[in-house]
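All ligand and atom numbering here is 1-based and tracks the order in the structure.
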Amino acid sequence: MENGTNLPAENNSENQIQKKVILKGLTLSELKNYFLAKGLQKFRGEQFFYWMYNHLSTNIDEMTNIPKTIRNEIRNEIELQTLEYFYTEESENTKTKKYIFVTKDNNKIESVIIPEETRTTLCISTQVGCPLDCQFCATGLMGYKNNLSSGEIFDQYMLAAKDYGKEKITNIVYMGMGEPLLNYQNTLKSLKIFSNELTKGISVKKITVSTAGIAPKIRELADSGINVKIALSLHSCFEEMRSKLMPINQKYSLKENLMAVRYYAKKTGTRITFEYIMLKDLNDTDEDVNALVKICKEIPSKINIIPFNSLSHMNPKGFSAKLESAPRDRIENFVQKLRDKNITVMVRQTQGDDIAAACGQLAVKFL
Ligand code: SAH
């Protein structure tokens, strides 16, 4: 139906509900096309792009270089904002700040600000829930509801930046709820917006997309020309164990994913981050160290060791319920062995678990 409603015909004349054009989330070329299609100059698209993504404006009357006649012509047919604040919480210990935003269709999503000594990272979501069933992840336990639009992905940054201070956010990681490469088009559009020189704010070098490993999409992203950094959630160097931890490995094997990230590193000139949760007796042995070293020698990369954040608040069942973090000394030992082989290893400090904002704990309580 033209007007996007399901109202019976006789009601339509009264209601005249028109579907709005959601400008937030459109790329520069899409914005130019929007204005061209209205018979206006395409540089208006550039002006809008600047106002929405650089100035973070949601009020058309702030856009003072757009003539009033144009503003009046389009003000009722466009949307400049896709999300609203719903809830925020700041950790006393670490100053990690969690946001819950609500979408127009009333889905709740989460973003987290993680301040560290030398940088402040915003972690954003790409889906409502997640269709992957990674056994260690709380988001997986809540199931999948929806893909986020490119506007909804960007607006997490906009609302966090407005609240926290745009200049304070130095890095963005696509590591919140969802699998970015299963929402590939919208993820790519949001990256095009962040990476456009008109957006300034954040350089694409400071953005990392984390994936559980959707090999064909890793290759597609490599060919997109965006050159964002990627992180592969590795968690085991062995097919069988990885499939147990991350069932998606049965569809896109570790082997395929390693070939894809090697291609990515070569094509983009970036280093791959391998994320690795240390799980007691499952991936913390000398055999695991050796396999990791072999992979890192073949692919320009570094390893990010992540302590396992407990899922006990989600009452997990089966294999999930049995997962335990490797003990501190085992983690230290593991890291030392890797460093002895000249592998770059970072050990991520758990941040924000007192407010359930740490990795894998982003399952919304308010659904
Ligand atoms: N779907 C993407 C991004 C979201 S998860 C991916 O899989 O990479 C972001 C990171 O947090 C991933 O490395 C994921 O494996 C990790 N993670 C998930 N649950 C965790 C938990 N309970 N403890 C620690 N890290 C976890």
Side-chain angles (χ1 to χ4, degrees), residues 96 109-112 114 121-144 147-148 153 156 171-184 186-187 190 207-215 217-218 221 228-236 241-242 244-249 251-252 254 257 260-261 264 272-280 282-284 301-316 319-326 331 346-353 356-363:
T96 297
I109 55 167
E110 300 191 352
S111 312
V112 185
I114 307 151
T121 303
L122 171 67
C123 174
I124 57 176
S125 299
T126 52
Q127 296 183 313
V128 184
C130 185
L132 305 179
D133 191 21
C134 299
Q135 296 296 296
F136 43 77
C137 180
T139 311
L141 290 179
M142 69 181 265
Y144 165 77
N147 275 338
L148 294 180
I153 297 172
Q156 295 170 66
N171 294 61
I172 297 180
V173 290
Y174 284 56
M175 290 187 191
M177 301 166 87
E179 168 50 47
L181 300 189
L182 287 181
N183 183 11
Y184 182 77
N186 294 337
T187 293
S190 68
I207 302 181
T208 303
V209 173
S210 177
T211 177
I214 313 296
K217 294 293 174 191
I218 293 175
L221 190 60
V228 65
K229 287 202 267 188
I230 60 164
L232 177 69
S233 295
L234 187 60
H235 308 322
S236 171
M241 178 54 72
R242 196 166 185 272
K244 229 170 143 184
L245 293 168
M246 307 170 72
I248 188 69
N249 193 64
K251 186 157 183 201
Y252 304 109
L254 176 59
N257 275 304
V261 294
Y264 194 94
I272 306 299
T273 300
F274 291 120
E275 294 164 284
Y276 199 91
I277 303 174
M278 295 284 299
L279 294 165
K280 189 170 167 219
L282 300 183
N283 63 3
D284 59 351
S301 57
K302 60 177 187 215
I303 300 176
N304 209 340
I305 299 283
I306 316 175
F308 174 57
N309 297 313
S310 158
L311 301 182
S312 51
H313 61 300
M314 299 287 291
N315 295 321
F319 182 54
S320 252
K322 296 197 189 103
L323 300 175
E324 264 183 77
S325 175
I331 297 179
M346 326 278 286
V347 183
R348 195 188 290 170
Q349 300 305 320
T350 291
Q351 287 227 355
D353 52 352
C359 290
Q361 294 189 313
L362 297 176

Trainee: Taking N183's backbone N and O only, do any of them form a donor-acceptor pair with N147's side chain (distance below 3.5 Å, no angle check)?
Mentor: no

Trainee: Enumerate the atoms of ligand 1 whose separation from the nearest heavy atom of A212 is less than 4.0 angstrom.
Mentor: 6 (C), 7 (O), 8 (O)

Trainee: Looking at M175, which atoms of ligand 1 are within less than 4.0 Å of one of its heavy atoms?
Mentor: 4 (C), 5 (S), 9 (C)

Trainee: If the contact criterion is a heavy-atom separation under 4.0 Å, does A138 count as touching ligand 1?
Mentor: no

Trainee: From the options M278, E179, E275, H235, select the one whose nearest heavy atom is closest to atom 15 (O) of ligand 1.
Mentor: H235

Trainee: With heavy atoms of G178 as the reference, note each atom of ligand 1 found under 4.0 Å away.
Mentor: 1 (N), 2 (C), 3 (C), 4 (C)

Trainee: Atom NZ in K302, atom CD1 in I272: separation rounded to 0.5 Å?
Mentor: 10.5 Å

Trainee: At under 4.0 Å between heavy atoms, which part of A231 makes contact with ligand 1: side chain, backbone, both or neither?
Mentor: neither

Trainee: Taking heavy atoms and a distance under 4.0 Å, where does N309 meet ligand 1: side chain, backbone, both or neither?
Mentor: both

Trainee: List ligand 1 atoms under 4.0 Å from G176, heavy atoms only on the residue side.
Mentor: 4 (C)

Trainee: At under 4.0 Å between heavy atoms, is it the side chain or the backbone of T211 that contacts ligand 1, or both, or neither?
Mentor: backbone

Trainee: Can you tell me if E179 and T211 form a side-chain donor-acceptor pair at under 3.5 Å?
Mentor: yes

Trainee: Suppose I only count heavy atoms of C137 and a 4.0 Å limit; which atoms of ligand 1 are within that range?
Mentor: 18 (C), 19 (N)

Trainee: For L221 and T187, run side-chain contact (heavy atoms from CB on, under 4.5 Å): C-alpha distance rounded to whole Å, both residues' side-chain angles, the deciding distance at 0.1 Å, then the answer.
Mentor: CA-CA 10 Å; L221 190 60; T187 293; over 6 Å; no

Trainee: So, the side chain of N186 versus the backbone of T126: is there a donor-acceptor pair under 3.5 Å, distance only?
Mentor: no

Trainee: As an exercise, state the distance from CD1 of I331 to CE of M278, rounded to the nearest 0.5 Å.
Mentor: 5.0 Å

Trainee: Can you tell me if E110 and S125 form a side-chain donor-acceptor pair at under 3.5 Å?
Mentor: no

